[in-house]
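Heads up, the thing below is written out as structure tokens.
Keep in mind the model is a prediction, meaning the values are calculated, not measured.
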Number of protein chains: 2
Amino acid sequence: MKNMSDIIEAYLKQVLSQDEQIEIKRNEIADQFKCVPSQINYVINTRFTIEKGYLVESKRGGGGYIRIAKVKLLDDVEIIDALIDLIGTSISYNDAYSLISRLYEDEIISKREGTLMLAAIDKQTLAIEEPRACILRACILKSLFKNLKYEE
Amino acid sequence: MKNMSDIIEAYLKQVLSQDEQIEIKRNEIADQFKCVPSQINYVINTRFTIEKGYLVESKRGGGGYIRIAKVKLLDDVEIIDALIDLIGTSISYNDAYSLISRLYEDEIISKREGTLMLAAIDKQTLAIEEPRACILRACILKSLFKNLKYEE
DNA sequence: ATTTTTTTGACTAATACTGACTATTATTAT
DNA sequence: ATAATAATAGTCAGTATTAGTCAAAAAAAT
């Protein structure tokens, strides 16, 4: 007998194998598996991450839900992962520019997407002093790059 | 779509898809959906905001009404400028989400561009506490939107 | 023995629903 | 004309219904 998180994971994936996306009620699943509701969050946070190819959205309040969708990982995942490693925890605008250029040259992003990325991380936009701007820039850039890995 | 507010929203939008603007009687809609009249206000205040592209007018007293109109802007630049104005100096993630959705619905940006924009401004990405995150988010979003106005 | 993963629950946050009270406008009575 | 009444819509705060967070305890793996 595996642990409960694995069982819930398997159950959700089994349902997902039939539909492209599923909508669950956190409390219902928790009841079904006799666990506390927050364990559903644990399962989702550890097993249905974007890195593993899932997109999760939710809404609270009456009629609330958690929606899990399977996304298609693209071919360029390895290149992107390599670039994410290069970003590290801090990166200058110029180095970021190089990485974005690289994505454009490899035809992973369009010119317009590249321009948008640059707009998001330039010095004037971030409007803070240097050591912290580089850290923030790295966070934003990594988030942008991660999102390039999947489709839909 | 399980909760009443979503159902009422969908109904109103369906009627709006046929006419440019609609005029409803609050009590009639409340009767129709078996809810209290103030729920109609709730739906309007949460779903038919100016950020989402709607204009609402009303009149009380005999012959009173609530009029909902889909705002129509002329060209892309105008829409973008209007949205930049709405950003102001500080904006929550949810409000930003509405604005980006708006650009997508108006076919000014692709889905992937929208996803990238969201990735650049989400809470986890910015990784700072709330008052300052909203300010930073506004800076980034304005920079992104401004870039949409120029094509190469 | 130590580290990692899982489980738990108290607390927090977001969204939806309700009803009593208020505000405005139109109509009717004086 | 003015005042009273009827017919609307608005506000706000309280309750209900969800989901999220976080850190401690427990269990499992190393």
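Side-chain atoms of B/S143 do not come within 3.5 Å of backbone N or O of B/C139 as any donor-acceptor pair. Looking at A/R137, its side chain does come within 3.5 Å of a backbone N or O of A/I91 through a donor-acceptor pair. B/N45 places a side-chain N or O within 3.5 Å of a backbone atom of B/N41 that can act as its donor or acceptor partner. In this structure a side-chain-to-backbone donor-acceptor pair under 3.5 Å is missing from B/K52 to B/S101. Not one N or O on the side chain of B/T125 forms a donor-acceptor pair closer than 3.5 Å with the backbone of B/I121. One N or O on the side chain of A/D122 and one on the backbone of A/Q124 form a donor-acceptor pair closer than 3.5 Å.
Between B/G61 and B/Q39, the residue anchored closer to the 5' end of DNA chain C is B/Q39, taking for each the nucleotide with the nearest heavy atom. Nearest-nucleotide mapping onto DNA chain C: of A/T46 and A/S38, the residue sitting toward the 5' end is A/T46.
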Mind listing the N/O atom pairs, protein and nucleotides 1-5 of chain D, below 3.5 Å?
none

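Under the 3.5 Å distance criterion, with hydrogens and angles disregarded, no donor-acceptor pair is assigned to the side chains of B/Y150 and B/N147.
Taking atom CD1 on B/I40 and atom P on D/dT8, their separation rounds to 15 Å, with Å as the unit. When rounded to the nearest whole Å, the span between OH of B/Y42 and C1' of D/dA16 equals 12 Å. The CZ-P distance, from A/F48 to D/dG20, rounds to 14 Å in whole Å. Going from atom CG of A/N45 over to atom C1' of D/dA19 covers 12 Å, rounded to whole Å. As a whole-Å value, the separation of B/K2 NZ from D/dA16 P is 17 Å. Taking atom NZ of residue B/K25 and atom C1' of nucleotide D/dA6, one finds them 13 Å apart after rounding to whole Å. Following rounding to the nearest Å, A/N41 (CG) and D/dA23 (P) show an atom-to-atom distance of 15 Å. The CD-C1' distance, from A/E57 to D/dG20, rounds to 16 Å in whole Å.
The 12-atom threshold is not exceeded at CZ of A/R102, counting heavy atoms of other residues, nucleotides or ligands nearer than 6.0 Å.
In summary, contact between chain B and DNA chain C, defined as any nucleotide atom under 4.0 Å from a heavy atom of the protein, begins and ends at C/dT15 to C/dA26 in the 5' to 3' direction.
Residue B/S58 is in sugar-phosphate contact alone, with no base atom involved, counting any heavy-atom pair closer than 4.0 Å across all strands shown. Heavy atoms of A/R47 sit under 4.0 angstrom from primed sugar atoms or phosphate atoms, though from no base atom. Backbone-only engagement by B/I66 is indicated by non-hydrogen atom pairs under 4.0 Å involving sugar-phosphate atoms exclusively. Contact annotation for A/G64: backbone-only contact, meaning every heavy-atom pair under 4.0 Å involves sugar-phosphate atoms and none involves a base.
Partners of B/K25 according to the side chain to side chain contact (heavy atoms under 4.5 Å, CB included) rule, which considers only residues two or more places apart in sequence or in another chain, are B/E28. With sequence neighbours excluded, the residues that form a ring-ring contact (aromatic ring centres under 6.0 Å, His included) with A/Y11 are A/F33. For A/V56, the side chain to side chain contact (heavy atoms under 4.5 Å, CB included) partners are A/I44, A/F48, A/I66, A/I68, not counting sequence neighbours.
Contacts with DNA chain D (heavy atom under 4.0 Å) in residues 26-37 of chain B: B/R26, B/N27, listed by number.
Looking only at side-chain heavy atoms (C-beta outward), B/N94 and B/S98 stay at 4.5 Å or farther from each other.
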